[in-house]
Amino acid sequence: MIGISIKHLRYFDALARQGHFGRAAEFCSISQPALSLQIKELEEILGAKLVERSSKQIRLTTLGEAFALRGRDILQAVEELTDLARASRGPLAGRLRIGVIPTVAPYLLPRLIKELVAGYPGIELHPREALTRILLEDLVGGRLDAAIVALPVSEPSLAAFTLFEEEFVLVRPREDAAKPVPSPSMLREMRLLLLEEGHCFREQALEVCHMTPLAPRALMEGSSLSTLVQMVGAGIGVTLIPEMAIPVEIRGASVCIARLDAPRPTRQIGMVWRKTNPLAGQLLEIAEMVRRVGHLALEDATGAFGAASIAA
């Protein structure tokens, strides 16, 4: 008799998370009929239905929901056994799955990837950019080894290592360069451009301006910091960006930048991983490298800020 395999568990976990056979098959890099066949085989092994099928979506049965939770525990344990073997071999080698939030990734990853590949020749890097909520879910679920996010994180199963602290800077249309820098309370009265819901930087920007997410006023939204800066250059409003973004985002844009008055708003960026991960020692070494790279990127940002101020 065929038993339940790790492959069965991986495919069912993908289906449970995606809620759709097509998306789950794409996630697993197999055809939809092949995925459907594997799920049907799993149900035959169990002698019970795991999924309620319809033309547009799937729903897990009561058994399916319980099976998904237990299956994830097993998959995570298998990942940790693999990591235990990797940790015993010394320097980090093989696959490293690292997630980065969108307001850090474009400014840190290019230099970080070069440093990691040079420092760990045997590494197979799998970077992923996603929102904090998704990264933490994937980290806890064993689908990522580490993530670079804004601190603090509330998940008790994760260890956190502080990488660096960076300021928020104000971006205004270039013609506003000679105007006084507005206070946070004044920003509340201006047209503030923010990232879409789900970005932690959006909530941090609202805190700077002492505004609630449900503030009764129109807030313009964008999908990326690049979009926000270009909207500012078009004269639509003002925005806040993290300091590290300065060299990339203001290049060629018709904007000026300014530091806010003290106490200047900042955020802490850190690297997090599961406390139970056998690679914790190696990940700490990686975090030290990320911290060095982050400080170099902030030095570049300081230089870009000075150059922009002179140009203005």
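Since this is a predicted model, take the numbers as computed values, not measurements.
With a 6.0 Å radius and a threshold of 12 heavy atoms from other residues, nucleotides or ligands, Q18 has its CD atom above the threshold. For CZ of R59, the number of neighbouring non-hydrogen atoms (other residues, nucleotides, ligands) closer than 6.0 Å is 12 at most.
Shown here are the salt bridge (Lys or Arg N to Asp or Glu O under 4.0 Å) partners of R259, two or more places apart in sequence or in another chain: E167, E243. Contacts of T276 classified as side chain to side chain donor-acceptor pair (under 3.5 Å), with partners at least two apart in sequence or in another chain: E80. Under the ring-ring contact (aromatic ring centres under 6.0 Å, His included) criterion, Y11 pairs with no residue, sequence neighbours left out. In this structure F27 satisfies the ring-ring contact (aromatic ring centres under 6.0 Å, His included) test with no other residue, sequence neighbours excluded. Shown here are the salt bridge (Lys or Arg N to Asp or Glu O under 4.0 Å) partners of D73, two or more places apart in sequence or in another chain: there are none. In this view, F21 satisfies the ring-ring contact (aromatic ring centres under 6.0 Å, His included) rule with no residue, not counting sequence neighbours. Under the side chain to side chain donor-acceptor pair (under 3.5 Å) criterion, D261 pairs with no residue, sequence neighbours left out. The side chain to side chain donor-acceptor pair (under 3.5 Å) check on S157 picks up E155, with sequence neighbours excluded.
When every heavy atom of G235 is checked against every heavy atom of P173, the shortest pair comes out as CA-CG, 4.3 Å. Taking every heavy atom of both residues into account, P127 and I113 meet most closely at CG-CD1, 4.3 Å. When all heavy atoms of P242 and L225 are compared, the closest pair comes out as CD-CD1, 3.5 Å. Shown here for R72 and A16, the closest heavy-atom pair between the two residues is NH2-CB, 3.7 Å. Nearest heavy-atom pair across P102 and E129 is CB-OE2, 3.4 Å. Scanning both residues, W273 and A287, for their nearest heavy atoms gives CZ3-CB, 4.1 Å.
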Between R111 and D300, is a salt bridge (Lys or Arg N to Asp or Glu O under 4.0 Å) present by the stated rule, with each step listed? CA-CA 12 Å; R111 179 179 274 162; D300 290 347; 2.8 Å; yes
Quick one, R292 with E288, criterion salt bridge (Lys or Arg N to Asp or Glu O under 4.0 Å). Give me CA distance, side-chain angles, the key distance, then yes/no. CA-CA 6 Å; R292 292 195 299 272; E288 291 282 6; 5.2 Å; no
Could you please spell out the steps behind the salt bridge (Lys or Arg N to Asp or Glu O under 4.0 Å) verdict for D176 and K179? CA-CA 5 Å; D176 290 353; K179 295 181 180 179; 3.1 Å; yes
Show your reasoning for whether salt bridge (Lys or Arg N to Asp or Glu O under 4.0 Å) applies to R53 and E43. CA-CA 13 Å; R53 296 164 174 83; E43 290 179 324; 3.2 Å; yes
So I98 and L125, side-chain contact (heavy atoms from CB on, under 4.5 Å) or not? Walk me through it. CA-CA 8 Å; I98 185 166; L125 197 59; 4.1 Å; yes
Go through the steps to decide whether H199 and L131 satisfy the test side-chain contact (heavy atoms from CB on, under 4.5 Å), and finish with yes or no. CA-CA 6 Å; H199 289 268; L131 299 177; 3.4 Å; yes
Does the pair V100 and R128 meet the rule for a side-chain contact (heavy atoms from CB on, under 4.5 Å), with working shown? CA-CA 6 Å; V100 190; R128 183 187 179 198; over 6 Å; no
Between E221 and R202, does the side-chain contact (heavy atoms from CB on, under 4.5 Å) criterion hold? Intermediate values first, please. CA-CA 10 Å; E221 295 182 340; R202 171 194 174 93; 2.8 Å; yes
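Between atom OG of residue S223 and atom CG of residue L228 there is a gap of 8.0 Å, rounded to the nearest 0.5 Å. The distance from the CG atom of L296 to the CG atom of L108 is 10.0 Å, given to the nearest 0.5 Å. To the nearest 0.5 angstrom, I286 atom CD1 is 5.0 Å from L116 atom CG. Atom-to-atom distance recorded for L144:CG and N277:CG is 11.0 Å, nearest 0.5 angstrom. Note that CG of L163 is 7.5 Å distant from CG of L151, once rounded to the nearest 0.5 Å. One distance of note links CZ of R274 with CG of L139; it measures 6.0 Å at 0.5 Å rounding.
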For residues 244-255, run the donor-acceptor check on the side chains, cut-off 3.5 Å, and write out each pair with its distance to 0.1 Å, sequence neighbours left out.
{"unit_1": "E249", "atom_1": "OE1", "unit_2": "S226", "atom_2": "OG", "d": "2.7"}
{"unit_1": "E249", "atom_1": "OE2", "unit_2": "Y107", "atom_2": "OH", "d": "2.6"}
{"unit_1": "E249", "atom_1": "OE2", "unit_2": "S226", "atom_2": "OG", "d": "3.1"}
{"unit_1": "R251", "atom_1": "NH2", "unit_2": "P247", "atom_2": "O", "d": "3.3"}

Residues 29-38 side chain polar contacts: donor-acceptor under 3.5 Å, at least two apart:
{"unit_1": "S31", "atom_1": "OG", "unit_2": "A34", "atom_2": "N", "d": "3.2"}
{"unit_1": "Q38", "atom_1": "OE1", "unit_2": "H8", "atom_2": "NE2", "d": "3.4"}

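One N or O on the side chain of K275 and one on the backbone of P156 form a donor-acceptor pair closer than 3.5 Å. With hydrogens and angles ignored, the 3.5 Å screen pairs a side-chain donor or acceptor of R264 with a backbone N or O of L260.
Clustering ILVMFWY residues whenever any of their side-chain heavy atoms sit less than 4.5 angstrom apart, transitively, puts M186 in a cluster other than the one holding L206. Grouping the Ile, Leu, Val, Met, Phe, Trp and Tyr side chains by contacts below 4.5 angstrom, directly or via other members, places L109 apart from I134.
Counting only residues at least two apart or on different chains, the ring pair (Phe, Tyr, Trp, His ring centres under 6.0 Å) pairs with a member in residues 164-196 are F168-F201. Residue pairs meeting the side chain to side chain donor-acceptor pair (under 3.5 Å) criterion with at least one member in residues 227-242, sequence neighbours excluded: S224-T227.
Considering only heavy atoms from C-beta on, R143 stays 4.5 Å or farther from L135 through its side chain. Side-chain atoms of L9 and F67, non-hydrogen and from C-beta on, do get closer than 4.5 Å to each other. At least one side-chain heavy atom of I269 sits less than 4.5 Å from a side-chain heavy atom of E166. Counting heavy atoms from C-beta outward, R172 and P182 have side chains that approach closer than 4.5 Å. Using a 4.5 Å cut-off on side-chain heavy atoms (C-beta onward), V149 and Q268 make no contact. Side-chain contact between I241 and V169 is present, with heavy atoms from C-beta onward closer than 4.5 Å. When side chains are defined from C-beta on, L170 does not count as touching I257, because their heavy atoms never get closer than 4.5 Å. Residues L96 and H126 fail the side-chain proximity criterion, which asks for heavy atoms closer than 4.5 Å.
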